[in-house]
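Each residue takes its place number in the sequence, starting with 1.
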Amino acid sequence: MTDPESHSPTVFVHPTADVEAGARVGDGTRIWHLAHVRSTATVGANCVIGRNVYVDAGVTVGDLVKIQNNVSVYQGVTLEDEVFVGPCAVFTNDFRPRAQNPDWTITPTVVRRGASIGANATLVCGIEVGEYAMIAAGAVVTRDVAPYQLVAGNPARPKGWVDERGEVVSRDVDTPPHRS
């Protein structure tokens, strides 16, 4: 990891990006146009942070994560290793958002290793997305997603199961396939 004042030569930060002092950025990571990484955020190694991505204070992004353009990863969100976040996906962190709320508390969301979130999907805070789960484009996820589960729709409903490559291996929504 490195802070923006002493980047490893393997970290690329586009001149229009803002990586605040104190942010930790892993080797090999590329941060593109107009991205903003806050001072207490951690971004792992070999990540791609797309155009206009916001990584809020206290956020942890694992290694080999790809966050496509126009995504805001707000405080309380954790993205484990190898997570894919499609363009314009939305994370929330407050169940009762108000412009003025003295009792505001962050509600955490965790996206486990290898999970994929499709373009324009919305994840309501307080959920866990299991490892290698697949969230379809445009889905509105209001509940936990099991490991390897495929969900789609508004609200998101189970549609089957995927493997580690993202291939659908079963459309039986009730019974996950046996893994060896």
Side-chain angles (χ1 to χ4, degrees), residues 17-20 22-26 29-99 101 103-159 162 166:
D18 182 7
V19 179
E20 294 180 7
R24 295 173 48 118
V25 179
T29 290
R30 295 172 304 201
I31 300 174
W32 290 100
H33 305 75
L34 304 170
H36 184 177
V37 180
R38 296 290 308 274
S39 64
T40 56
T42 299
V43 177
N46 299 306
C47 294
V48 177
I49 306 298
R51 179 184 178 94
N52 197 39
V53 168
Y54 176 73
V55 180
D56 202 358
V59 165
T60 299
V61 175
D63 296 336
L64 300 165
V65 171
K66 186 171 192 178
I67 304 173
Q68 296 280 28
N69 298 349
N70 303 310
V71 174
S72 292
V73 185
Y74 291 115
Q75 213 171 18
V77 175
T78 299
L79 305 177
E80 291 187 349
D81 296 346
E82 300 177 22
V83 167
F84 173 86
V85 182
C88 303
V90 175
F91 293 94
T92 67
N93 67 356
D94 186 356
F95 277 124
R96 293 169 201 83
R98 294 285 189 226
N101 182 357
D103 299 323
W104 180 68
T105 56
I106 293 170
T107 303
T109 296
V110 177
V111 181
R112 299 286 180 203
R113 177 186 190 93
S116 292
I117 299 167
N120 293 305
T122 298
L123 282 73
V124 175
C125 57
I127 64 170
E128 181 175 319
V129 177
E131 66 179 8
Y132 297 101
M134 178 78 69
I135 296 171
V140 178
V141 183
T142 59
R143 295 181 230 175
D144 289 351
V145 179
Y148 297 91
Q149 191 171 46
L150 169 65
V151 299
N154 180 5
R157 300 269 189 243
K159 299 295 181 185
V162 297

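Once rounded to the nearest 0.5 Å, the distance linking CG of Asn46 with OG1 of Thr29 reads 6.0 Å. Atom-to-atom distance recorded for Ile135:CD1 and Ser116:OG is 9.0 Å, nearest 0.5 angstrom. For the atom pair CG of Asp56 and OG of Ser72, the computed distance is 8.5 Å after rounding to the nearest 0.5 Å. Taken to the nearest 0.5 Å, the CG atom of Asn154 stands 8.5 Å off from the OG1 atom of Thr142. Atom-to-atom distance recorded for Arg143:CZ and Arg157:CZ is 4.5 Å, nearest 0.5 angstrom. To the nearest 0.5 Å, the span separating OG1 on Thr60 from CZ on Arg24 amounts to 9.5 Å.
Partner Leu123 forms a side chain to side chain contact (heavy atoms under 4.5 Å, CB included) with one of Ile117, Val140, Val145, Val90 and no other, that one being Ile117. With Ile67 as the partner, the side chain to side chain contact (heavy atoms under 4.5 Å, CB included) test is satisfied by one option alone out of Val73, Ile31, Val43: Val73.
Checked by atom type, the side-chain pair Asn52/Asn70 shows a donor-acceptor distance below 3.5 Å.
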Exercise for the section: Start with the C-alpha distance between Val83 and Val129, add both sets of side-chain angles, then the distance that settles side-chain contact (heavy atoms from CB on, under 4.5 Å), and finish with yes or no. Expected result: CA-CA 10 Å; Val83 167; Val129 177; over 6 Å; no
Handout entry: Arg38 vs Tyr54, side-chain contact (heavy atoms from CB on, under 4.5 Å): CA-CA, chis, key distance, verdict
Key = CA-CA 8 Å; Arg38 296 290 308 274; Tyr54 176 73; 3.1 Å; yes
Practice task
Determine, stepwise, if the pair Val71 / Phe91 fulfils side-chain contact (heavy atoms from CB on, under 4.5 Å).
Solution key: CA-CA 8 Å; Val71 174; Phe91 293 94; 4.1 Å; yes
Handout entry: Stepwise side-chain contact (heavy atoms from CB on, under 4.5 Å) test for Val48 and Phe84
Key = CA-CA 10 Å; Val48 177; Phe84 173 86; over 6 Å; no
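Looking at every heavy atom in both residues, Ala136 comes nearest to Ala152 through CB-CB, 3.5 Å.
The main-chain N or O of Ser39 is found under 3.5 Å from a side-chain atom of Glu20 such that the two form a donor-acceptor pair.
With sequence neighbours left out, Asn69 forms a side-chain hydrogen bond (donor to acceptor under 3.5 Å, both in side chains) with no residue at all.
Between Tyr148 and Tyr132, the angle of the ring planes stays under 30°, which puts this pair in the parallel group of the 30/60° scheme.
Using a 4.5 Å heavy-atom cutoff, the side chains of Trp104 and Ile106 are in contact. Side chains of Asp81 and Asp63 form a contact here, defined as non-hydrogen atoms less than 4.5 Å apart. With contacts defined as side-chain heavy-atom distances shorter than 4.5 Å, the pair Asp144/Ile127 qualifies.
A salt bridge is absent between Glu131 and Arg113: the closest approach of a Lys/Arg side-chain nitrogen to an acidic carboxylate oxygen does not fall below 4.0 angstrom.
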